[in-house]
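Data first, discussion second: the structure below is written as structure tokens.
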There are 2 protein chains.
Amino acid sequence: MSTRQLKLGFILHGVGPGWGDWRHADADPTASTNIDFYLRQAKLAEQGKFDFLFVADSVHITEKSSPHYLNRFEPLTILSALATATTHIGLVGTLTVSYSEPYTVARQFASLDHISRGRAGWNVVTSWLSGSAENYGKPSHPPHEVRYRIAAEHLQTVQGLWDSWEDDALVRNKASGEFLDPSKLHTLHHQGEFFSVRGPLNISRSPQGQPVIFQAGASEDGRNFSARHAEAFFTEGSTFESSQTYYADIKKRAATFGRPAQRLAVLPALRAIVGRTAEDAERLYSEAVALIRIEDALVALARSFNEHDLGQYPLDGPFPDIAHFGSESNRSASERIVRTAREENLTLRQTALRYASPRREFVGTGVQVADAIQRWFDGGAADGFILFESLPFQLDAFIAEVVPVLQQRGLFRQEYEHSTLRGNLGLEVPENRYTAARRQVA
Amino acid sequence: MSTRQLKLGFILHGVGPGWGDWRHADADPTASTNIDFYLRQAKLAEQGKFDFLFVADSVHITEKSSPHYLNRFEPLTILSALATATTHIGLVGTLTVSYSEPYTVARQFASLDHISRGRAGWNVVTSWLSGSAENYGKPSHPPHEVRYRIAAEHLQTVQGLWDSWEDDALVRNKASGEFLDPSKLHTLHHQGEFFSVRGPLNISRSPQGQPVIFQAGASEDGRNFSARHAEAFFTEGSTFESSQTYYADIKKRAATFGRPAQRLAVLPALRAIVGRTAEDAERLYSEAVALIRIEDALVALARSFNEHDLGQYPLDGPFPDIAHFGSESNRSASERIVRTAREENLTLRQTALRYASPRREFVGTGVQVADAIQRWFDGGAADGFILFESLPFQLDAFIAEVVPVLQQRGLFRQEYEHSTLRGNLGLEVPENRYTAARRQVA
């Protein structure tokens, strides 16, 4: 039995991650703002002993945006709503540092961490859609390397605010009338390049001390940011080999920052399709592929090329030479897409449809999908996965067919070990910086 | 039986609105960040058929802040958490326009309105503590009249974003693949003095169309803002006479903006103390007063004088001449305090203690408190009240002793009439501006 345990997240995305998912006969096309749908999925994932729920985000749409981008719950509110309907599963939300205030971000995640009694996580992103700036009164979207400087300072400020209160700052002595020990409430006085925040935060230190930091950077700047600051990495996981390379790279970078490899979970996206039989799975796969409209697949693909209009190229001609349209933040993705199309001689249509389809490797019976998961887990490509639901009720199928196999193999928990996200991910609660300083002086 | 019905809100404030409330033997001194305490109170208020829960806010503390300011849940997260644990009660949260982005505010309240299926309300405030600016990287807090210009433009922008989607914009036709009717998704293109927001909002129109707008302005600018924009007014309610004057004034101002008086609810704060007998109530009142420390009462009183240090004056001397320390936003409150102290020849100590104590008028049996409520309601001083819990389990007592009397008198509902806050407050769902424009053209 393996002592190293798989970590599993589940991404909540309303009408589904694919452009046509909502058209499936069993799909609820109102799911994106249907609280009952979210409650059902959250409770189900908790029954399946998943480590966490994950809510993605963006702050800019046009009428051409995909269905799940167009219309969706704001992450902090929906995660708070799910907090009181669950007891053990982590609650991870995306929030951009580009268009948010550290004081408010620190408050909202600390509040979620109190509400959930220690299950909050923050997926730190720098918004990469250039239209986002226009929703926040900014003349232009900052360039890539500046966005990561903003991110580092924003995160540092938020984490500083989370240490405003030492664990025992609230004395609450009814007899003496002493509510607070003022020597244990600390003012941050942050004055940086982008932010100036005095503090202290107006909410006491939360159960995890510091909510867990997730990140998903693929660029050079993004990887260094992740390796230095993040505790879990959400990766695209396009192939086994590219994931192995990413995995080794990120763990090596983390080591140079003095961070132990086992404290960093690399979690590729997993778009599994699970059937009770192999034929069943093939049928479901065909259903998933049939839902994809080529025009939607083109717009989805365009996200890796800074929303460059792909409709101008012949669909059945060779894939166009457009790697240079990839923005800094997804340059690695756009280059890989072009390279793969060249190597396999794919047309634009074939490339777009492949990009929009689930990977064949994770299509199969519970044992087959568990085999693929174990290959990645044992092969240095993943510490776990974040599951996307590619067809309705695939979370149900994954829990019924795949989870028991992983449990039998000793790869995944039978019961939650802890009631906090840090506990279940095997991460320590960081000591408050002021408490640590006092202890070192003493 | 009266057709006009009382509106009742309940303010959730953790360790209590008074400085010493947490010291009561029955008080939970951890209440401010105890989700179980909040869940219990929310469910209880819903059993009592209250119209809404109310969460106050501020964005600046020092080590001298009062216990319920120091440490508390952030409003949007706690209200979202309570949304899935309740079904009918409204969820109203304070959020400052001074230090927030309209796009994020619009998203979070629209998301709460979807999550709660139509129960969200926004208490629009302009932060009045000057230290707030320092938590948001601003060199100085804007002056009073600028804050209300900011407020008007911020609110206008948020309400514009809430109309981004017409009610039938999401077609969701599985056969044709048409998810959205792009002609019914609207881009705001707001360019104003303080904000520039393109839109559209990335969440569809919520069940109430527009979450309900609350306001609490007492100054000249604040009253005009309320009269023009707000649907419910939270007032201090210091005396019956001052409330009558405020009530008449605000309804008259609203009429000049063409707004019908019955669409505006004036709701003074109510710090009732209810006993099963009059003696019981007197004993509870004594308990409440005994919890007040004079040094805390002074700091609380200082809030009306822009945190001017009152400790420098003799406690048992005449009340000092300090009306000029009142900031613009609470000038009316500070002047009234000074005037009352002069007229009644009160010392600084007597003034501070009176200010920190519940009003005698609302101390008594269920019938006595119901009588006082009815006097205000029938006498043109209130359309309802927002109840503060001055002692532990006073919400229980109010629901057990006062609510049944109000119900017997036909002043308050036996059951919820609606499942939305607008429905229960008797407010219509505003028609989407673009739908209205199209209807008028046709």
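Naming: A, B, ... by sequence-line order, numbering from 1 per chain.
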Side chain / backbone / both / neither for A:L161 at chain B, heavy atoms under 4.5 Å: neither
Taking every non-hydrogen atom, the tightest pair across B:F179 and A:P29: CE1-O, 4.0 Å
For chain B, the option from A:S111, A:A110, A:G137 that forms the most heavy-atom pairs under 4.5 Å: A:S111
No-hydrogen, no-angle side-chain donor-acceptor test under 3.5 Å, A:R205 and B:N71: no
A:T77 side chain to B:Q108 backbone, donor-acceptor under 3.5 Å: no
Segment of A:E295 engaging chain B (4.5 angstrom heavy-atom cut-off): neither
B:Y136 side chain reached by A:T104 side chain, heavy atoms, under 4.5 Å: yes
Option passing side-chain contact (heavy atoms from CB on, under 4.5 Å) with B:T33 (candidates A:I203, A:I115, A:L170): A:I203
Part of A:L180 lying under 4.5 Å from any heavy atom of chain B: side chain
Chain B contact via A:W165 - side chain, backbone, both or neither, heavy atoms under 4.5 Å: side chain
Region of A:D113 in contact with chain B, defined by heavy-atom distances below 4.5 Å: neither
Selection from A:T62, A:N173, A:V15 maximising heavy-atom pairs under 4.5 Å formed with chain B: A:N173
Distance-minimising heavy-atom pair for A:N202 and B:H60: ND2-N, 4.4 Å
Residue part contacting chain B, namely of A:A133, when any heavy atom lies under 4.5 Å: neither
Any side-chain donor near an acceptor of the partner, A:S80 and B:S80, under 3.5 Å: no
Best-contacting candidate, A:E63, A:H24, A:R198, A:R293, against chain B by heavy atom pairs under 4.5 angstrom: A:R198
Per-residue contact mode, B:A175 against chain A (heavy atom under 4.5 angstrom): backbone
Heavy-atom pair with the smallest gap, counting every atom of B:A27 and A:K174: O-NZ, 2.6 Å
Chain B contact via A:T30 - side chain, backbone, both or neither, heavy atoms under 4.5 Å: both
